[in-house]
Every structure is written in C-alpha cells, then in structure tokens.
Q: 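Please see the structure below; I have some questions.
Convention: sequence-line order gives letters A, B, ...; per-chain numbering from 1.
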Amino acid sequence: MLDLRLIREQPDAVERALADKGGAALIREIVARDGERRRLLTEVEELKALRNRASEAIGQAKRRGEDATAEQARMREVGERIATLDGEVKAVDEAIQALLVQVPNVPHPSVPPGKSDEENVEVRRWGTPRAFGFAPKPHEELGEALGLLDLARAVKIAKARFAVLWGPGARLERALAQFMLDLHTREHGYTELWVPHLVNAETMLKTGQLPKFEEQLFKTVEADESRTLYLIPTAEVSLSALHGGEVLPERTLPRRYTAFTPCYRREAGTYGKDMKGIYRQHQFDKVELVKITTPEQSYEELESMVANAEEVLRRLELPYRVVERCTGDVGFSAAKGYDIEVWRPAAGKYTEISSCSNYADFGGRRVDVRYKPERGKAEHCHTLNGSGLAVGRSLIAVLENYQEADGSVTIPRALRPYMDGLARLTRPPTP
RNA sequence: GGAGAGGUGGCCGAGUCGGCCGAAGGCAGCCGCCUGCUAAGCGGUUACAGGGGCAAAACCUCUGUCCCGGGUUCGAAUCCCGGCCUCUCCGCCA
C-alpha cells in the first residue's frame with residue numbers, strides 16, 4: 001500500500017499519477033478520513049494525559065491517607081469519554097485501512113503512458129523465429145502424439161485444466177525447472193529456498209491476494225474457519241512474506257531469492273479461454289525470483305531481474321521479446337514492470353512466459369519489511385518479483401519451437417545434461 | 001490426540017498483596033576518558049510507532065506498546081476471561 005503521509009501531503013500528485021491506473025477517486029476520501037482521525041487523536045490523547053496526571057495524584061493522596069473519591073469519580077467520567085473516543089479512532093483507522101488497500105501503486109515516471117495492454121511498449125526482441133518447412137503444430141498435438149501429455153486422464157482423476165505428463169514429458173518438466181534453478185543460483189546470485197505451498201490468511205492479506213483475489217484461490221476446509229490455509233498461486237506469496245515484520249541490516253541487501261513451487265489458481269472467469277493444451281492450468285510449476293532491496297537499488301535490480309529471466313530463454317535458444325507495461329496495464333502493486341513473451345510458431349505470435357515487477361516500497365510496506373541503514377532510521381525496503389520462468393509454458397515453447405516435420409522434438413542443447421544426454425523426443429513405437 | 005511449562009527491551013533476565021516500571025541488573029552496541037596490549041577500568045548513552053509544535057532537520061511535548069484481544073480499576077507488565085505461539089514428555093506417524 002501507499003504511504004499515508006504521501007497521500008496526506010501530496011494528494012493532487014497522487015491523484016494525477018493514478019489517472020490511468022484507477023483508484024484516484026479514493027484519495028479525497030482518505031485525506032478527509034485522515035483529518036478526522038487526527039482530530040480525534042488530539043482530543044483523546046489530551047484526555048489521556050489528563051487522566052494519567054490525575055491518577056498519579058490520586059495514588060499519592062491515598063498513600064498519604066487522604067480521601068480521593070471525588071477525583072476518582074471525575075476520572076471515571078473522563079475514562080468513559082476516552083473509551084468512546086478510542087472506539088471512534090479505531091473505526092476511522094479501519095476505514096482508512098480499508099480504503100488504503102484499494103489504492104494501487106503509483107507508476108514510476110519512466111513508465112510509458114497508456115490505457116490498456118494495447119499501449120504497452122516493445123523494448124527489444126531476441127532471436128529469430130525459425131522458418132518451418134511445414135505447418136508447425138500446437139504443443140498439445142505434439143505432446144499427445146509423442147505420448148508425453150495426457151489430458152484425458154487428468155480430467156478423469158481431477159478436472160479440466162489439469163495435466164498428466166508421461167515419461168520423458170515429466171522428465172522434461174523436471175529438467176527445465178532444475179536448469180533454471182541452477183542458472184539462477186550458480187550464475188545470477190540467487191539463494192534457493194523451499195517454502196510452504198499452503199499459507200495462512202494473514203500471509204495472503206499481506207501479499208495482496210486477499211481480499212481482492214479470494215475467488216482465484218484454492219483453500220482448505222477447516223472446522224475452525226480462522227485456520228483456513230490457502231494454496232499459493234505463486235511462490236511470490238511465500239517468498240515476499242518471508243521477512244514480514246523484520247528489519248534487515250542494509251549490508252545484507254539486496255536479497256535475491258528463488259524458489260521452485262507448484263502454483264494453484266482457480267482461473268475463475270476464464271471459462272473457455274485457453275482451453276487447449278496446458279497454457280492455462282489450475283496447477284503449474286514455476287521458478288520464482290524475488291528481490292528485497294534498498295530504494296536506491298530497486299530499478300537497476302529490476303533490469304537485472306529481467307535479464308536473468310531472459311537468459312533462460314537465450315540458453316534454451318527460444319526467440320522472445322520484452323514488453324514494458326504502460327501506466328494503465330502495470331499491475332496493481334507494481335511501480336514498473338516488464339513482460340517477457342516467447343515465440344509460439346503454431347499461433348504465430350509471442351505469448352507471456354514471465355512477468356517482472358518492481359513493487360518499490362508499496363510491497364515492503366504491506367508486508368512490513370524494513371532495512372536499517374548504517375546511520376539513520378529504518379525504512380521500508382523495495383521488493384521485486386518475477387517469474388524465471390513459468391515451467392509449463394517453457395515446456396510448451398520447447399515443444400513448439402523445436403518440433404520437426406516428422407512430429408519429433410529436438411531437446412535444446414542446454415537441457416540435454418538434465419535429460420541423460422537425450423537429444424530427441426520421438427514417436428513411441430506402436431504397440 | 002493426552003499431560004505439563006512458558007511468552008518482558010538487540011540478547012539474557014528481575015519484576016505477581018495493582019501506582020514512584022518503558023521497565024532493575026548483566027551482556028552487546030555507541031560516545032568520551034584513562035590505561036596500555038593480544039585485554040581491562042571509569043563515566044555517559046542506546047526501543048518502536050503515532051499525534052502536536054516546526055517550512056524542514058535537530059529538538060520539545062503528548063499518547064500507545066512488557067505475545068494478541070477483551071474485562072476489572074481513578075490507575076495493570078502486574079488481577080480476571082478468551083486466543084495465539086513456543087518448549088518438554090507420552091501417543092500416533094512419512
């Protein structure tokens with residue numbers, strides 16, 4: 001969430017910045033509520049000061065053996081007034097909080113203006129889409145023909161939007177994940193973490209998943225509802241909540257974390273969309289990247305994070321492009337963000353395979369992660385996250401870009417060490 | 001699942017017939033002095049958040065915070081109720 005002080009001191013600037021993103025309408029009300037809160041605080045705190053002084057005096061009088069019943073009665077009334085005002089302060093606090101969590105992050109000045117994803121800006125392209133001497137097939141056809149992908153049985157044991165991978169298909173999924181983790185930990189300076197896949201409601205609140213995206217989350221059913229656990233929709237949830245409430249020494253920043261986890265999403269409201277293949281699934285694997293930085297570091301760390309994700313595609317020799325999101329399309333929590341889109345020959349277009357964002361202090365404030373400079377007061381960290389990459393979508397890209405005329409698929413060179421040297425996936429012999 | 005113990009400042013740890021406790025003492029850190037050498041001594045100092053004063057910083061002042069929430073009271077770290085968490089033992093278990 002945004003800093004209440006920023007809204008209080010520069011409401012007009014915040015409103016302007018949110019023009020494309022939405023949420024500007026909330027600013028005026030927050031300012032009004034904030035004024036109300038401070039009036040109440042002044043009043044109640046003066047009464048508390050009065051009560052504290054009087055109680056002190058009553059104590060002394062009693063020790064001297066004097067009667068203080070009159071003063072006690074007077075303070076009882078003051079106490080009642082305080083209780084009333086405390087209740088009002090609490091109510092206003094909650095109202096402000098409820099408004100504040102609805103306000104999106106302010107885009108960085110460098111973000112290109114625009115209303116929707118149509119105005120996103122292509123930043124660069126890498127690689128040249130291969131010229132096929134035949135009509136390239138979509139991954140689901142290739143996968144099923146090669147006996148790697150079994151959607152029918154996944155539907156039988158679960159439901160639509162689930163998949164079963166067989167033999168070399170399952171191995172390829174694991175190879176991709178391990179290749180990515182090795183790259184990020186060995187060459188890009190990330191520390192690998194293994195984290196809970198089920199987290200509590202507080203974690204979901206602090207990472208902005210609740211209440212807004214409740215309908216997108218799978219959750220457990222508990223006799224005591226307050227103990228409900230939620231399946232993570234991304235490892236970002238676990239990784240970014242990790243240091244909640246902590247103050248990190250500045251010299252330990254930036255922190256660079258990566259984790260491989262499954263991700264679970266209900267995909268409510270996407271009926272009929274991307275139903276073919278495994279592009280949009282209820283369960284998919286992802287190697288996530290998260291950084292915690294100082295405010296000075298965060299924008300260059302965003303650039304390097306994007307480069308880290310790109311490097312996966314370069315080593316896999318998959319053509320891609322990088323797109324910067326415009327002010328109207330940059331995520332709710334993000335100050336700036338890029339999407340990486342990989343080439344899909346069958347579809348003849350680039351589709352999203354990674355998204356990297358700088359949440360700036362917005363995320364650090366929400367989960368309450370701060371850092372302590374050598375000199376000076378603790379401040380909220382900047383947090384960043386990105387996919388490095390979505391594994392299932394990487395599998396799609398490999399199958400589609402590396403397919404041959406006979407329906408076989410070449411294994412990218414970078415993955416062969418993870419596939420026991422296997423160079424090619426071929427049609428299994430007919431039984 | 002059963003039984004018991006406990007949650008106090010960066011750490012350890014006092015504090016339970018309610019007030020003089022934001023909290024003794026120790027450790028650690030910082031500043032200074034002294035001394036002199038593989039370290040000690042002396043003095044001072046060191047929490048966080050919010051409000052007000054101030055253009056702002058410094059600073060001053062007020063409020064809150066001794067796991068969380070509620071209650072009793074003029075007043076609660078201290079009493080009462082509820083919750084959360086941690087630890088130990090038993091049972092079960094990959």
Q: Name all pairs fulfilling the salt bridge (Lys or Arg N to Asp or Glu O under 4.0 Å) condition that reach into residues 380-392 of chain A, sequence neighbours left out, sorted by first residue then second.
A: none
Q: Scan residues 12-31 of chain A for pairs that pass salt bridge (Lys or Arg N to Asp or Glu O under 4.0 Å), counting only residues two or more places apart or in two chains.
A: A:Asp20-A:Lys115
Q: Nearest nucleotide by nearest heavy atom, which residue falls closer to the 5' end of RNA chain B, A:Arg5 or A:Asn52?
A: A:Arg5
Q: Please write out each protein N/O paired with an N/O of nucleotides 18-21 of chain B under 3.5 Å, distance rounded to 0.1 Å.
A:
residue : atom : partner : partner atom : Å
B:G19   : N2   : A:Ser55 : O            : 2.9

Q: Specify the separation, in whole Å, of atom NE2 of A:His380 and atom C1' of B:A49.
A: 11 Å
Q: Round to the nearest Å and state the distance from A:Arg74 atom CZ to B:G75 atom C1'.
A: 15 Å
Q: Only counting residues at least two apart or in another chain, list the ones meeting salt bridge (Lys or Arg N to Asp or Glu O under 4.0 Å) with A:Arg315.
A: A:Glu187, A:Glu311
Q: With sequence neighbours excluded, tell me which residues meet ring pair (Phe, Tyr, Trp, His ring centres under 6.0 Å) with A:His382.
A: none
Q: According to side-chain hydrogen bond (donor to acceptor under 3.5 Å, both in side chains), who are the partners of A:Asp274, at least two apart in sequence or on a separate chain?
A: A:Arg280
Q: Give the rounded distance in Å between these two atoms: CZ of A:Arg51 and P of B:C62.
A: 16 Å
Q: For A:Tyr299, enumerate each residue passing the side-chain hydrogen bond (donor to acceptor under 3.5 Å, both in side chains) test, keeping only those at least two apart in sequence or located in another chain.
A: none
Q: Only pairs at least two apart or in different chains count here, so list each salt bridge (Lys or Arg N to Asp or Glu O under 4.0 Å) that has a residue in residues 193-202 of chain A.
A: A:Glu202-A:Lys206
Q: Could you go through nucleotides 65-71 of chain B and list every protein N or O atom that sits under 3.5 Å from one of its N or O atoms, giving the distance for each pair?
A:
none

Q: Identify each atom pair where a protein N or O and an N or O of nucleotides 52-54 of chain B are less than 3.5 Å apart, giving names and distance.
A:
residue : atom : partner : partner atom : Å
B:G52   : OP1  : A:Arg38 : NH1          : 2.9

Q: Using a heavy-atom distance cut-off of less than 4.0 Å, which residues of residues 77-85 of chain A contact RNA chain B?
A: none
Q: Looking across every strand, which nucleic acid part, if any, lies under 4.0 Å from A:Arg37 by heavy atom: base, sugar-phosphate, or nothing?
A: sugar-phosphate
Q: Are there any protein N/O atoms within less than 3.5 Å of an N/O atom in nucleotides 81-87 of chain B, and if so, which ones and at what distance?
A:
residue : atom : partner  : partner atom : Å
B:C84   : OP1  : A:Arg227 : NH2          : 2.4

